[in-house]
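For reference, the structure is listed below as structure tokens.
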Amino acid sequence: MTLDIETLVDLYRDMWLIRAFEFGLEREFKKGNVPGMLHTGVGQEATQAALAAHLHATDAFFPDHRCHGINALAQEKHQGDGERIMAELFGRATGVSGGKGGSLHSANPEVGNFGDNAVEGSYMATVLGVALAYQMRRQPNVACCIIGDGTVGRGEFHESLNMAAIWKLPVLYALVNNGYAISMPVGKGHASADIVDLARGYGMPCVVVDGNDIELAYAEVQKAVDYIRGGNGPYFLEFKTWRWQGLFSGEFRPAEEVRYWKEERDPLKLARAKIIENSALTADDVDRIEAEVKAEVEGWIDYAKQSPMPEPAKATANVYVGWTVEN
Amino acid sequence: MTLDIETLVDLYRDMWLIRAFEFGLEREFKKGNVPGMLHTGVGQEATQAALAAHLHATDAFFPDHRCHGINALAQEKHQGDGERIMAELFGRATGVSGGKGGSLHSANPEVGNFGDNAVEGSYMATVLGVALAYQMRRQPNVACCIIGDGTVGRGEFHESLNMAAIWKLPVLYALVNNGYAISMPVGKGHASADIVDLARGYGMPCVVVDGNDIELAYAEVQKAVDYIRGGNGPYFLEFKTWRWQGLFSGEFRPAEEVRYWKEERDPLKLARAKIIENSALTADDVDRIEAEVKAEVEGWIDYAKQSPMPEPAKATANVYVGWTVEN
Amino acid sequence: MTQSPARTRTFVQALTEALDLALERDPNVYMLGEDIGEMGGDFGVTRGLWAKYGETRVRDTPLSEAAIIGTAVGSAMMGMRPVAEIMFADFLGECYDQLVNNAAKMHYMFDGQFKAPIVVRTACGGGFGGGPHHSQSVEGWFLNVPGLVIVAPATPADAKGLLLASIENDNPILFLEHKALYRIKGDVPEGYYTTPLRQARIAREGKDVTVVATMKMVHEALAAAAELEKEGINVEVIDLRTILPYDAETVLASVRKTGRAVVANEAPRTGGLASELSAVIGEACFRDLKAPVERVTGLDTPIPFSLVLEKYILPGKEQVVEGIRRVMK
Amino acid sequence: MTQSPARTRTFVQALTEALDLALERDPNVYMLGEDIGEMGGDFGVTRGLWAKYGETRVRDTPLSEAAIIGTAVGSAMMGMRPVAEIMFADFLGECYDQLVNNAAKMHYMFDGQFKAPIVVRTACGGGFGGGPHHSQSVEGWFLNVPGLVIVAPATPADAKGLLLASIENDNPILFLEHKALYRIKGDVPEGYYTTPLRQARIAREGKDVTVVATMKMVHEALAAAAELEKEGINVEVIDLRTILPYDAETVLASVRKTGRAVVANEAPRTGGLASELSAVIGEACFRDLKAPVERVTGLDTPIPFSLVLEKYILPGKEQVVEGIRRVMK
Ligand SMILES: Cc1ncc(C[n+]2csc(CCOP(=O)(O)OP(=O)(O)O)c2C)c(N)n1
Ligand SMILES: Cc1ncc(C[n+]2csc(CCOP(=O)(O)OP(=O)(O)O)c2C)c(N)n1
Ligand SMILES: [Mg+2]
Ligand SMILES: [Mg+2]
């Protein structure tokens with residue numbers, strides 16, 4: 001135990017929130033209540049919670065397609081209305097992006113959420129500009145770019161790391177290596193299954209983190225953001241983790257691999273055991289926390305469902321700033 | 001001396017041809033006889049001659065904007081008509097690309113010249129396909145991609161090295177580090193002034209070569225192509241060299257740097273001294289070789305100047321294969 | 001063109017058949033793209049082919065769109081016949097340079113010394129809540145690019161025949177597959193056949209008005225035509241099939257006959273295919289037109305996520321009906 | 001709009017003045033691009049600004065076009081006012097995704113929460129033997145992209161006023177600088193002024209025929225008009241200035257007045273700006289037009305290197321004259 005118990009319990013609550021959010025969402029998606037496509041972050045909660053814990057509302061993060069959890073945590077923490085992330089996923093007028101964005105474009109700059117870009121990896125370029133603005137304004141902030149192992153295939157990976165390095169930009173690369181890009185195993189898609197190997201040449205600190213151990217993840221993110229806020233330039237964290245969601249069409253990974261990660265490496269199970277072992281909290285206490293969080297998330301789902309759809313004519317708003325589109 | 005004297009003299013002749021070609025071309029360019037833009041390879045002759053020496057007509061190379069020399073050598077060696085490269089630069093009908101390409105798009109697949117792409121670095125992606133064709137057809141050939149240090153900025157650098165690595169493609173990356181991209185010093189534009197540092201993570205052999213020493217360059221290219229022909233996958237050579245041409249607008253590099261490279265590190269001076277020291281050839285003999293080569297190149301220039309311009313209406317030919325464009 | 005007996009197949013099955021036949025017939029044909037191997041592609045178009053032809057000819061790639069197209073082009077320069085898949089057409093922006101400056105100019109800029117016979121299959125179009133980056137109609141991005149071919153089938157039979165013709169063709173081809181058509185069914189002839197490129201199809205003959213449409217809009221136009229038939233308006237529907245270079249002859253002949261034209265394309269209104277067709281019709285049929293050409297298109301906006309918003313900006317049968325009514329006035 | 005006294009300046013000097021004034025006035029303005037610092041840019045447009053404003057605000061970048069635009073967009077999301085230079089417009093293919101899927105959709109897809117006020121300056125156009133990758137007119141690549149603005153000055157005064165207006169504007173702007181115009185001279189007012197976007201300029205009044213042109217073609221059109229004046233043909237020349245979203249009102253009012261229209265644009269014919277304008281004119285002025293709209297454009301080919309070939313495919317004064325003669329028949 002390196003973390004004090006209050007922090008650990010808070011993080012556990014955050015992780016549980018992510019899982020409850022994703023499971024609830026998936027259920028509604030299967031019922032046909034959520035349009036479009038859905039990728040969930042189940043299994044990656046420790047990585048996400050650790051990042052969310054250290055980022056301020058004045059920092060910026062670019063969440064990837066599995067980051068509903070971070071989005072909800074940031075929204076809840078800084079504005080107390082996590083339900084607006086849920087509403088966005090349901091395409092409602094009350095969603096953070098007014099229903100225009102959905103899962104892949106939920107943003108809110110007030111809480112540091114700079115939005116996903118469904119063209120995977122394109123924001124590896126965008127993040128540079130956010131970081132540059134911090135640097136030019138001498139703000140001790142972090143611009144965090146969350147990308148999957150598959151996304152590393154994009155050329156922008158190189159352009160981004162290189163530019164961040166030469167300009168010493170305050171970028172935190174949070175690489176979520178969950179072993180696959182859709183069906184492509186990381187070792188088959190990349191020259192190295194350890195993405196840090198591709199990053200080291202740029203001369204920034206490159207650290208591999210057990211992304212399923214909330215204590216370690218929390219500590220490593222802490223180190224990284226301290227380094228960045230200190231004006232030392234970019235930092236690269238590779239979280240080794242695993243996603244529970246297989247393909248749309250079902251599970252394709254070896255049964256033993258699935259068992260191992262779900263049973264032995266579940267970040268929630270691991271954290272729960274630690275809490276019960278190291279604190280006065282009992283299993284019942286933790287169950288109660290889980291139930292509370294779950295109830296909250298179900299409230300969000302109700303909120304989303306009851307929210308109005310956007311006004312159709314709003315579809316032509318905000319194409320240009322200050323100009324209306326004639327159609 | 002690691003090279004036998006005949007080979008060294010042949011290479012000297014090749015290097016001299018490159019220099020005579022470029023100087024002649026530059027003279028004609030300044031007179032207004034060569035349209036468009038001009039970048040020359042003066043100073044980089046050893047690197048170019050070493051590559052040209054080891055590539056077969058059935059191999060493929062993608063020449064960059066300073067590679068008129070390689071283009072001419074390949075054209076002369078395999079088809080005996082180096083003048084057609086010159087003619088292309090003059091925009092003549094007899095040019096290898098019928099005047100459609102010019103300096104930046106002179107190609108001839110029959111001699112392994114796959115043409116430049118003036119969008120610097122885009123052929124880092126194209127080269128993969130050529131290499132893949134060799135691999136699928138089990139041909140022991142090399143697809144060589146010649147790029148400058150500046151061009152490494154492109155995202156395709158990463159996409160290319162990664163894909164070549166995972167598929168073990170027969171690609172030779174010939175990186176010509178001449179210290180600058182137009183006005184940008186390599187150490188300012190890249191996280192490392194040694195480009196190999198950015199390449200190492202992909203797990204292919206990465207070797208730094210003195211690009212102004214023809215013996216060393218020749219030997220290292222030999223090793224690389226042998227490795228690649230052996231089916232071992234890609235290979236990365238970084239040639240450290242220097243270009244004599246400054247900016248269009250003149251010289252901008254420190255005077256001492258200019259002096260050092262032109263006087264102490266001129267690949268031709270270095271090779272000439274070696275030849276005279278290690279063979280029966282005298283300074284006069286070498287002068288005679290130089291004069292011969294120069295006369296040949298001047299003949300090419302005359303040929304180019306006397307060649308007809310393309311038929312204007314040919315401008316609409318070859319837009320599509322098999323279809324004519326109606327305009 | 002098609003003699004062999006036809007069976008009912010989905011659009012996806014028709015595409016798979018075409019790929020299967022092409023791989024079987026020509027050893028130079030191979031495929032590359034993300035998750036096209038064992039998984040069979042995001043939309044199942046390549047299903048079964050990895051198992052049948054092996055991973056050398058059905059190649060999974062990393063998420064490197066520029067390298068995918070670059071690889072295709074380079075191998076095509078060597079005489080291979082690559083069929084690349086870009087999972088969503090929206091991602092063509094990442095390989096725009098490879099397509100526009102490399103593939104489309106390869107034959108021309110070296111004066112015929114190289115060919116770049118690549119086929120780039122990609123899923124386009126909206127209507128399913130895919131949001132701004134998974135729903136676009138991208139033909140408008142490429143209309144001003146001489147050297148490139150754009151093919152866009154509307155039926156399963158054409159999906160197969162046009163794909164085979166595209167693979168046979170020596171030019172770089174962007175092959176657009178509208179996602180809303182993947183599950184439609186239709187008669188598909190057995191065996192190998194090609195459907196000619198640059199030849200529009202008269203999907204429905206009529207005498208009062210010509211509707212020129214592409215992909216999903218062909219079906220919307222046919223539905224509109226059926227509806228208006230009841231009111232005595234007899235609509236001719238032309239399925240353009242090849243978008244670039246397109247079959248102006250068939251289009252103009254039809255408009256000369258009917259004297260009225262509606263062009264229907266899902267992409268945004270300004271600067272898209274609809275404008276190109278309207279211009280050509282307006283100029284060439286200047287004396288024949290009884291009413292100005294009507295463009296039925298998406299509105300000039302990105303594509304929003306929420307279905308109510310998306311429906312508002314994308315054209316459907318209703319918009320085609322309205323367009324026809326306007327030209328009939 | 002411009003009261004201050006004018007001096008004679010080149011197009012390049014006018015641009016430099018605009019950048020200088022913008023950097024001086026607003027600390028959020030900064031520039032980035034290849035060799036724009038000490039060297040002053042490939043065409044000298046940024047000359048002197050690095051020395052005056054320092055390398056923090058006049059930033060040399062590596063050869064990373066996608067990162068250049070990405071950086072611009074990200075900083076613009078934070079309230080900065082980046083002016084990026086892409087050395088040649090032909091290279092926009094490499095950052096097409098950043099422009100089209102990111103910059104152009106940034107305001108819309110998050111429903112107004114972000115703005116992306118970037119200006120991307122770039123050198124376009126042919127005529128100097130630059131070959132297929134250094135000569136293109138690229139506006140046609142971006143016409144079907146709602147959310148993007150395309151600005152294209154034809155005179156030094158407009159170069160300055162439109163650039164300042166673009167930097168002030170809150171939308172992502174592609175600012176096209178035709179290379180053949182860089183050395184032309186003209187009156188340029190002193191000091192800070194803006195020229196309104198989305199407002200075409202009547203470069204020459206006339207009553208017989210309207211020529212709508214952009215950039216270099218404005219000058220070709222004026223030369224053609226001068227020539228035809230001698231024959232009694234009175235030509236009105238409209239300089240479109242903003243290509244997207246363009247000023248249809250001015251264009252249509254002119255064509256309604258003259259009853260004849262020629263559109264002149266250097267890019268290839270098919271699917272370009274000329275088609276868009278022809279479509280809109282043909283539809284909106286259906287009852288006013290006395291002849292079909294004429295498009296005077298580049299031919300549908302890539303741009304060849306040899307000057308005799310290039311001249312063959314690019315439009316000039318002669319082609320405008322012919323186009324006008326055709327509509328006057
Ligand atoms: C540029 C681009 N190419 C392809 C896709 C389709 N796609 C969506 S998610 C994904 C896999 C991403 O893998 P990874 O980055 O490892 O994320 P994971 O889903 O494993 O968390 C792909 C290929 C996309 N969205 N964008
Ligand atoms: C994609 C792209 N960006 C910019 C340019 C303009 N440009 C031409 S050469 C050059 C510098 C290239 O530097 P390097 O690769 O080091 O080659 P060198 O000229 O030093 O041999 C640049 C920026 C280009 N041609 N293509
Ligand atoms: Mg992954
Ligand atoms: Mg260099």
Side-chain angles (χ1 to χ4, degrees), chain A residues 119-128 145 147 149-169 171 173 175 177 180-181 183-206 208 232-236 238, chain B residues 119-128 145 147 149-169 171 173 175 177 180-181 183-206 208 232-236 238:
Chain A
V119 186
E120 296 279 336
S122 290
Y123 61 54
M124 285 189 278
T126 324
V127 74
L128 298 167
C145 162
I147 49 169
D149 51 285
T151 303
V152 167
R154 289 288 305 281
E156 276 78 352
F157 177 79
H158 166 65
E159 297 197 12
S160 182
L161 267 68
N162 188 54
M163 205 120 121
I166 60 173
W167 289 354
K168 283 196 149 218
L169 297 177
V171 178
Y173 293 98
L175 190 123
N177 186 343
Y180 297 88
S183 69
M184 173 70 107
V186 60
K188 217 185 135 204
H190 300 294
S192 169
D194 295 314
I195 303 296
V196 280
D197 290 344
L198 305 177
R200 277 192 224 286
Y202 302 91
M204 64 188 79
C206 289
V208 176
N232 300 298
Y235 202 105
F236 194 98
E238 176 176 357
Chain B
V119 185
E120 296 278 336
S122 289
Y123 61 54
M124 285 189 277
T126 324
V127 74
L128 297 167
C145 161
I147 49 169
D149 51 284
T151 304
V152 167
R154 290 286 306 281
E156 276 77 354
F157 177 80
H158 166 65
E159 296 197 13
S160 183
L161 267 69
N162 188 54
M163 206 120 119
I166 60 172
W167 289 354
K168 282 195 152 222
L169 297 177
V171 178
Y173 293 97
L175 190 122
N177 186 344
Y180 297 88
S183 69
M184 174 70 108
V186 59
K188 217 185 135 202
H190 300 294
S192 169
D194 296 313
I195 304 296
V196 281
D197 289 346
L198 306 177
R200 278 192 222 286
Y202 302 91
M204 65 188 77
C206 290
V208 176
N232 300 299
Y235 202 105
F236 193 98
E238 175 176 358

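Reminder, nothing fancy here: chain letters follow the sequence lines and each chain counts from 1.
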Tightest non-hydrogen contact, residues A:Ala191 and B:Ala165, listed as CB-CB, 3.8 Å
dist A:Glu156:CD -> B:Glu159:CD (nearest 0.5 Å) comes out at 7.5 Å
Quick one: pull up CZ in B:Arg154 and CG in A:Asn162 and give me the separation to the nearest 0.5 Å. 13.5 Å
With a 4.5 Å cut-off on heavy-atom pairs, point out which of A:Arg200, A:Met163, A:Lys188 contacts chain B the most. A:Lys188
Tell me, side chain or backbone of A:Val152 under 4.5 Å from chain B's heavy atoms, or both, or neither? both
Side chain to side chain contact (heavy atoms under 4.5 Å, CB included) between B:His158 and A:Leu198: does it pass, once the steps are laid out? CA-CA 9 Å; B:His158 166 65; A:Leu198 305 177; 4.3 Å; yes
Please rank B:Leu161, B:Ile166, B:Asp197 by heavy-atom pairs under 4.5 Å with chain A and give me the top one. B:Ile166
